[in-house]
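Let me begin by presenting the structure, written as structure tokens, before commenting on it.
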Amino acid sequence: MSTDLSKIRNFSIVAHIDHGKSTLADRLIQETGTVQDRDMKEQLLDSMDIERERGITIKANTVRIDYKADDGETYVLNLIDTPGHVDFAYEVSRSMRAVEGSLLVVDSSQGVEAQTLANVYHAMEADHEIVPVLNKIDLPASDCDRVAEQIEDVIGIEATGAIQVSAKTGQGIHETLESIVKDLPAPTGTLDAPLKAMLVDSWYDAYLGVIVLVRIMDGTLKKGQRVKFMSNDTLHSVDRVGVFRPEMEMVDSLGPGEIGFLTASIKQVRDTRVGDTITNDRNGTEVALDGFKPAQPVVFCGLFPVDSAEFEDLRDAIDKLALNDASFSFEMETSAALGFGFRCGFLGLLHLEVIRDRIEREYNIELITTAPSVIYHVYMKGKDNTVGEMIELHNPADMPDMSKVDHLQEPRIKATILVPDDYLGDVLKLCQDRRGIQLDLTYAGSRAMAVYDLPLNEVVFDFYDRLKSVTKGYASFDYQMEGYREDNLVKMSVLVNDEPVDALSMMVHRDRAEQRGRAMCEKLKTLIPRHMFKIPIQAAIGGKVIARETLSALRKDVTAKCYGGDASRKRKLLDKQKAGKKKMRQFGRVDIPQEAFISALKMDD
Amino acid sequence: MAEDWQNGGFGLYIHWPFCQAKCPYCDFNSHVSREIDQFRWLRAYLSELDRVAAETSGRVLNTVFFGGGTPSLMDPDVVAAILERVRRLWPTSNDMEITLEANPGSVEAGRFAAYRDGGVNRISMGIQALNDRDLQRLGRIHSVSEAKQAFEIARKTFSRVSFDLIYARQEQSLDDWQSELKEALSMAIDHLSLYQLTVEQGTAFGDRYNRGKLRGLPEDDLAADMYEVTQAICADAGMLPYEVSNYAAIGSESRHNQIYWRYGDYAGIGPGAHARLTFEGKRHAIENWRNPTKWLETAEDGNGENLREAVSPEGQATELLLMGLRLSEGIDLARYQTLAGKPLAGTRVETLIDIGMIEVENSCLRVLPQGRMVLNSVLSELLVD
């Protein structure tokens with residue numbers, strides 16, 4: 001049903017969390033009659049509970065809207081709602097490539113916030129036409145002039161004529177639709193060319209198999225067509241072609257500039273890679289779209305069931321989640337401390353949290369999460385002073401004996417941080433503390449942009465939390481992987497009552513080992529309850545103890561008076577204690593509470 | 001087959017809920033009331049005794065204990081009438097122990113002979129401290145000299161007299177306590193109850209503690225030291241620590257309390273009293289209405305109980321452990337196994353033996369003195385499975 005290119009507008013919405021992106025999207029859908037009022041629900045496009053609850057978007061969602069404009073013509077508007085978090089930076093960049101313009105939505109009572117910047121840069125990188133929209137003008141604190149000026153200062157786009165909208169009351173929605181038609185460019189593409197489509201996102205559906213969200217660049221996608229996914233050279237027969245309104249609606253074909261979906265009896269999301277190029281199986285295009293990168297987990301952690309009897313349930317849950325998430329990897333892991341579980345790889349910390357939440361919530365399995373780690377490259381000693389094979393280390397517990405290791409490399413990132421200059425000092429200190437190397441520092445208005453080369457392992461744990469806390473949330477953070485570099489890294493193990501606790505071992509820089517070790521021992525001393533005997537807590541590198549604390553013995557806890565009447569009360573108390581004990585893990589003779597595994601690693605700086 | 005309670009015997013507890021003044025540390029079911037119709041209360045006690053006796057007829061009653069509240073505020077005629085009814089309802093052992101808790105005031109001391117004539121043969125006095133400053137801090141209405149006079153009267157009237165002291169008080173040093181304890185031992189006849197001050201929620205002390213206004217309480221280490229010297233000093237004086245907070249010359253232990261700790265059966269009469277009673281092989285936990293008026297009215301209507309439920313065999317095994325391990329004599333593991341349906345064993349028991357907290361000998365599990373101070377931890381280790 002190829003649509004005339006000049007009648008198509010493809011766009012995304014860029015906004016800070018809470019600035020009303022989802023409500024605006026809901027309103028556009030409603031205004032054009034795409035969804036009947038009775039079918040409206042809040043945040044129509046966010047399909048997962050976690051997305052709705054956290055107000056974040058994890059999968060790209062899309063909706064096709066037919067709009068009869070004031071010029072009498074009917075236009076097809078395709079909105080792609082993109083993920084908005086650095087963990088999904090690659091996915092965002094692909095979604096941005098699939099559209100030609102963006103609405104920049106700013107809360108007119110709040111102004112530009114840090115996160116808006118990170119997302120607007122993605123739009124600029126994709127050469128988008130950007131239409132500023134000032135939202136929430138119904139609020140008493142709304143100040144459109146000030147916010148428009150701020151947009152010009154900070155982002156550098158013209159905003160004097162910005163559309164004033166209240167997504168809540170519906171004011172300005174019509175103007176927004178008109179502006180999409182008038183101000184955003186139509187897509188380009190060639191109908192008489194081999195099919196060239198970008199795979200924007202994909203997910204698993206129990207009835208249809210994998211659903212592939214595509215943007216057609218050139219040519220036509222039809223039902224029954226044989227197509228090739230260029231990155232892995234796989235062939236598929238297309239059994240359905242359709243669009244989202246936002247429910248699925250089948251169509252015969254999609255032409256250049258259009259956004260829709262295909263299904264082809266694909267079993268695993270793993271086989272469909274975001275950014276891949278789809279073409280005809282014969283006489284297809286020679287040149288794939290640029291910018292394709294296979295998903296690469298960068299953060300790893302262990303997930304263990306609290307109740308070890310739930311291991312099989314956990315396996316089942318992880319299998320199912322992995323079907324729908326190509327960027328999530330896992331393998332079985334055994335820990336002396338925590339029993340059977342899985343070592344899982346994620347795109348970043350948010351991704352980790354989302355997966356963990358979904359397992360706990362949707363599958364009702366309580367989890368122990370071990371400290372996040374990155375992949376280290378361990379170069380073994382070879383023969384005759386040469387460097388031997390390289391081992392990828394996903395788990396510090398698996399670190400080979402140091403005497404057999406030649407050297408270690410760790411992943412580095414290039415981090416870009418935008419921050420109001422009031423907080424700059426704290427941000428620089430934080431980066432410095434995390435072994436950062438400053439690459440650049442520039443100012444835009446009252447905002448500073450600091451670019452740092454940082455070790456990823458210093459970032460994966462609580463860097464976001466710290467950054468948020470030192471800047472009161474006014475910083476944006478974005479990063480890209482910069483490859484591996486050698487550094488003086490060692491494995492620090494933790495011994496509680498002389499027993500090594502594998503789940504607490506970590507890789508650290510040699511120069512920081514003592515400091516980290518001390519902090520870790522002190523923290524554990526507060527996290528482990530006193531026992532009937534004293535407990536040494538030590539941090540060690542190899543056989544050498546670098547920090548030590550002693551948790552003194554509990555000397556008295558007996559109830560002075562206990563008569564007949566107290567038996568019931570006391571029994572209930574003991575039952576409660578028993579339940580509490582079950583939530584601890586025993587190491588030798590010491591019971592360690594679960595939260596210690598994560599809390600012990602949080603550095604309060 | 002014998003029933004489990006027979007390992008501990010059968011006793012009767014009678015609760016008198018009234019006091020002249022409420023002590024700030026006390027979380028027992030005690031109330032201050034001006035107008036008490038003691039004979040109305042007597043009728044309620046008698047009716048409850050009749051009811052419980054009908055369910056436990058034929059059992060030999062080993063002990064009676066009047067607790068409170070302040071039972072030494074009871075009219076001696078009321079006490080005598082209760083005891084007369086008790087003797088009519090149950091066969092009693094020849095040497096039945098009948099204890100009454102008493103305030104060490106001069107008025108109470110004047111009633112001691114009348115209590116004795118009514119059948120009471122043991123007095124337990126709440127002396128609490130041997131210095132007047134601390135008595136005031138504890139909210140006690142008697143003075144040291146009054147207490148000593150009352151004690152003199154008690155020892156002339158009864159062959160068995162015990163008294164209570166509270167230690168680990170505000171600003172009390174180890175030396176202070178040692179000399180006070182030695183003075184107490186020079187007075188003591190055959191039994192002492194020595195409790196460390198415990199701040200309970202819902203008491204005046206609890207409120208003050210929560211507001212940070214209860215200062216000078218000993219740190220855990222000092223409290224532990226005090227507990228250690230108490231055991232040693234008492235043992236030297238021939239008062240053996242037979243329970244966590246109780247010390248006695250051999251053969252003078254409180255038989256009534258031993259029924260609790262040996263996990264026997266006990267009936268409870270009066271507001272808030274608890275009971276463990278075995279009917280047709282099933283042990284029940286019974287609780288009376290706590291509020292005095294509510295109890296009085298329901299008792300008059302025929303039943304003052306608020307709760308009666310069967311305790312599962314595993315629950316009984318737990319109770320046996322948590323009561324029995326308070327005693328130096330420990331518990332019989334075979335008895336535990338019969339109740340629990342499985343032996344008490346495993347690595348945690350081994351560890352506790354290893355670190356010197358408990359010992360097992362001839363099927364008897366005992367908590368050693370060091371372990372007794374951390375009995376809650378020992379128990380939760382034993383019960384963790």
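Protein chains get the first letters and strands the later ones, always in sequence-line order, with residue 1 at the start of each.
- For Glu219(B) and Arg555(A), the salt-bridge test fails: no basic side-chain N is under 4.0 Å from an acidic carboxylate O.
- Other residues, nucleotides and ligands place no more than 12 heavy atoms under 6.0 Å from the CZ atom of Phe340(A).
- At a 4.5 Å heavy-atom cutoff, the contact between Arg372(B) and chain A is made by backbone atoms alone.
- Interface check for chain A: of the options Leu321(B), Val311(B), Leu322(B), Leu194(B), the most heavy-atom pairs under 4.5 Å are formed by Leu322(B).
- At a 4.5 Å heavy-atom cutoff, the contact between Leu574(A) and chain B is made by side-chain atoms alone.
- The shortest distance between side-chain heavy atoms of Ser377(B) and Gln577(A) does not fall below 4.5 Å.
- Neither the backbone nor the side chain of Gln370(B) comes within contact range of chain A, judged by heavy atoms closer than 4.5 Å.
- When all heavy atoms are compared, the tightest approach of Ala567(A) to Tyr266(B) is CB-OH, 4.4 Å.
- A 4.5 Å side-chain heavy-atom check between Glu381(B) and Asp591(A) finds at least one atom pair inside the cut-off.
- Interface check for chain A: of the options Leu379(B), Thr351(B), Asp354(B), Asn246(B), the most heavy-atom pairs under 4.5 Å are formed by Thr351(B).
- Neither the backbone nor the side chain of Leu197(B) comes within contact range of chain A; no heavy atoms are under 4.5 Å apart.
- A heavy-atom distance below 4.5 Å is found between the side chains of Asn376(B) and Thr559(A).
- The main-chain N or O of Lys556(A) is never found under 3.5 Å from a side-chain atom of Tyr227(B) such that the two would form a donor-acceptor pair.
- Leu375(B) CG to Cys562(A) SG: the interatomic distance, rounded to the nearest 0.5 Å, is 9.0 Å.
- Surrounding NZ of Lys468(A) are at most 12 heavy atoms belonging to other residues, nucleotides or ligands under 6.0 Å away.
- Using cut-offs of 30° and 60° for the angle between ring planes, the Tyr563(A) and Phe28(B) rings count as perpendicular.
- For the options Ile355(B), Asp221(B), Val378(B), heavy-atom pairs under 4.5 Å to chain A are most numerous at Asp221(B).
- Environment of OH in Tyr209(B): sparse, with no more than 12 heavy atoms of neighbouring residues, nucleotides or ligands closer than 6.0 Å.
- The candidate with the highest count of non-hydrogen atom pairs below 4.5 Å against chain A, out of Gly268(B), Gly11(B), Gly315(B), is Gly315(B).
- For the atom pair Leu554(A) CG and Asp220(B) CG, the distance stands at 7.5 Å (nearest 0.5 Å).
- For Asn288(B), no part lies near chain A; criterion is any non-hydrogen pair under 4.5 Å.
- Formation of a donor-acceptor pair under 3.5 Å by the Thr318(B) side chain with backbone atoms of Arg571(A) is not found in this model.
- Of all heavy-atom pairs between Ala560(A) and Arg326(B), the closest is O-NH2, 3.0 Å.
- Here the shortest heavy-atom pairing between Val244(B) and Val558(A) reads CG1-CG2, 3.7 Å.
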